[in-house]
Amino acid sequence: MTNMSQPQTVVQRIAPDYQSLAQIAPGITEQDYQAQHQGEVVRECMVYASQQDMWQALALRLLDTLADILSKQSRADIALTGGTDGNGMMRVLVDMLHHQRSVIEQVEWSRVHLWWGDERYVDANDPDRNALQVRQEMLDELVAVGLLPEDNIHQMPADLGNGEEGLDAQALAYEQELHAELGDKACLDLAMFGVGPDGHCASLFPNTAELRADGWVSGVRNSPKLPPLRLTLTVPFIRQSRQVWFCTSTAGKAQAVQRALSGEARADTPSSLIDGVERTLWLVDQDAASLLLA
């Protein structure tokens with residue numbers, strides 16, 4: 001690994017505003033919102049000199065956070081993200097597995113359960129699937145060397161060949177799996193997301209009906225980004241997560257980062273609607289933060 005420069009940290013403090021948020025995402029109850037935000041909403045943004053520095057910091061922070069969670073409870077439940085930055089982080093972790101295995105083994109992976117924030121609803125072997133990409137980058141190797149049990153990988157369902165007809169049933173199946181596995185905890189310990197140039201996260205796209213969904217998992221029928229059929233965690237369920245991390249890079253994301261961290265709940269920028277119960281953290285490179293720091 002290369003040596004990282006220290007990031008610049010921007011802390012945003014926002015007065016609670018349930019009414020504005022509920023107009024966009026009515027699945028969020030006022031009771032849940034008040035329990036989450038007893039005072040101001042705090043978002044931390046850590047700005048790294050380069051994309052590679054951000055990926056490296058994200059990987060190290062993930063390992064440290066998993067170790068901390070497991071020191072306090074019997075298991076850790078986290079939602080992974082695919083895409084450029086999620087896969088970049090995975091490549092850093094794979095490099096550690098090959099060259100610094102002791103660092104990877106500081107986490108007791110047998111007690112880590114992995115979920116996804118969204119998925120393309122396509123065939124299980126379609127290369128567009130987030131889970132397939134992450135498995136190929138790292139998870140299959142963790143399983144192969146005996147660190148991660150296969151049963152701890154909770155992929156979102158694939159299209160079994162009936163397309164839209166089976167979408168809602170598969171969303172319900174994943175929601176039921178979450179309920180069964182999480183039990184009384186009823187939340188993820190950590191949910192990680194990339195951010196698109198349009199400000200979307202998971203498969204929650206600007207000004208779409210899925211922003212209004214309740215429950216834990218929703219089918220997506222008309223995604224503006226191909227493929228059109230997807231599964232996604234909902235805004236209310238993501239907001240129950242103890243920690244939420246966003247990771248994004250490149251100048252093409254600068255406007256989205258600026259809007260998401262404007263302090264407003266914006267239907268045109270779904271990532272602006274999401275905060276964790278205990279912590280909300282953004283990890284970005286300088287290019288993605290260029291407008292935020294201007």
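None of the values given here were measured: they were computed from a predicted structure. Throughout, residue positions are numbered sequentially from 1 according to the sequence presented.
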Val277-Leu178 co-clustered via ILVMFWY side chain contacts under 4.5 Å: no
Pair Asp285-Gln52, side-chain hydrogen bond (donor to acceptor under 3.5 Å, both in side chains): steps then yes or no: CA-CA 9 Å; Asp285 69 354; Gln52 186 64 40; over 6 Å; no
Exam field: side chain Ser262 to backbone Glu264, donor-acceptor pair closer than 3.5 Å: yes
Polar side-chain atom of Ser272 near backbone of Arg266 as donor-acceptor pair, under 3.5 Å: yes
Cationic N near anionic O, under 4.0 Å, Arg221 to Glu164: yes
Compile the donor-acceptor pairs under 3.5 Å between side chains in residues 207-219 and protein atoms, sequence neighbours left out, one pair per line.
residue : atom : partner : partner atom : Å
Thr208  : OG1  : Phe205  : O            : 2.7
Arg212  : NH1  : Gln23   : O            : 3.2

Hphob cluster co-occupancy, Val284 + Met46, side-chain heavy atoms under 4.5 angstrom: yes
Pairwise side-chain contact, Ile78 with Leu66, heavy-atom cut-off 4.5 Å (strictly under): yes
Under 3.5 Å donor-acceptor, Gln133 side chain and Pro127 backbone: yes
Atom pair CD (Gln258) and OG1 (Thr269), whose distance is rounded to the nearest 0.5 Å: 10.0 Å
Contact check, side chains of Pro149 and Ser110, non-hydrogen atoms, under 4.5 Å: yes
Single-linkage hydrophobic cluster Val235~Ile14, side-chain heavy atoms < 4.5 angstrom: yes
Val134 vs Trp116 side-chain heavy atoms within contact, under 4.5 Å: yes
Sub-4.5 Å side-chain heavy-atom contact between Val10 and Leu293: yes
Output field: ring centroids Trp115/Tyr174 closer than 6.0 Å: yes
Glu177, CD atom: more than 12 neighbouring heavy atoms under 6.0 Å: yes
Criterion side-chain contact (heavy atoms from CB on, under 4.5 Å) on Phe246 and Val257, from CA distance to verdict: CA-CA 10 Å; Phe246 293 100; Val257 171; over 6 Å; no
Pairs meeting criterion salt bridge (charged side-chain N to carboxylate O under 4.0 Å, His left out) with involvement of residues 24-46, two or more places apart: Arg13-Glu40, Arg43-Asp275, Glu44-Arg279
Residues Ser20 and Asp17: side-chain donor-acceptor under 3.5 angstrom: yes
Any side-chain heavy-atom pair of Thr81 and Asn130 under 4.5 Å: no
Gly199 backbone acceptor or donor facing Ser271 side chain under 3.5 Å: yes
side-chain contact (heavy atoms from CB on, under 4.5 Å) assessment of Ile24 paired with Leu273: CA-CA 9 Å; Ile24 301 168; Leu273 309 177; 3.8 Å; yes
Enclosure of Asn222 CG (heavy-atom neighbours >12, cutoff 6.0 Å): no
Audit row: Gln286, Ser50, side-chain contact (heavy atoms from CB on, under 4.5 Å) steps and yes/no: CA-CA 6 Å; Gln286 284 188 336; Ser50 69; over 6 Å; no
Side chain Asn152, main chain Val112, donor-acceptor under 3.5 Å: yes
Salt bridge flag under 4.0 Å for residues Glu181 and Arg75: yes
Contact check, side chains of Gln170 and Tyr121, non-hydrogen atoms, under 4.5 Å: yes
Qualifying residue, where the test is side-chain hydrogen bond (donor to acceptor under 3.5 Å, both in side chains) with Trp55 and the options are Asp85, Thr84, Asn87: Asp85
Closest heavy-atom pair and its distance - Cys201, Gly194: CB-O, 3.6 Å
Hydrophobic cluster (4.5 angstrom, side-chain heavy atoms) - remaining members for Val11: Val42
Ser223 side chain vs Leu226 backbone, donor-acceptor pair below 3.5 Å: no
Aromatic plane relationship, His154 with His113 - under 30° parallel, 30 to 60° tilted, over 60° perpendicular: parallel
Thr250 OG1 to Asp287 CG distance, which is reported to the nearest 0.5 Å: 7.0 Å
Distance-only side-chain donor-acceptor flag, Gln155 / Arg135, under 3.5 Å: yes
Leu142 vs Ile104 side-chain heavy atoms within contact, under 4.5 Å: yes
Atom pair OG1 (Thr65) and CG (Leu281), whose distance is rounded to the nearest 0.5 Å: 8.5 Å
Asp128 and Arg120 ion-paired at < 4.0 Å: no
Co-membership, hydrophobic cluster, residues Ile69 and Ile153, 4.5 Å side-chain: no
Donor-acceptor under 3.5 Å (Glu119 side chain, Ala131 main chain): yes
Candidate pair Cys247 and Met54, rule side-chain contact (heavy atoms from CB on, under 4.5 Å), full reasoning: CA-CA 8 Å; Cys247 54; Met54 189 268 283; 4.0 Å; yes
Pairwise side-chain contact, Met96 with Leu60, heavy-atom cut-off 4.5 Å (strictly under): yes
Donor-acceptor pair, side chain of Thr232 and main chain of Thr234, under 3.5 angstrom: no
Main-chain N/O of Ser74 paired with Arg111 side-chain donor or acceptor, under 3.5 Å: yes
Gap separating the CD atom of Gln36 from the OG1 atom of Thr29, nearest 0.5 angstrom: 10.0 Å
Lys185/Asp77 ion pair, N-O < 4.0 Å: yes
Check ion pair Asp95-Arg91 (N to O, under 4.0 angstrom): no
Nearest-0.5 Å distance that lies between atom CG in Leu147 and atom CE in Met138: 8.0 Å
Trp282 side-chain N/O to Thr248 backbone N/O, donor-acceptor pair under 3.5 Å: no
Reported CD-to-SG distance for the pair Gln8 and Cys45, which is rounded to 0.5 angstrom: 9.0 Å
Val220-Leu233 co-clustered via ILVMFWY side chain contacts under 4.5 Å: no
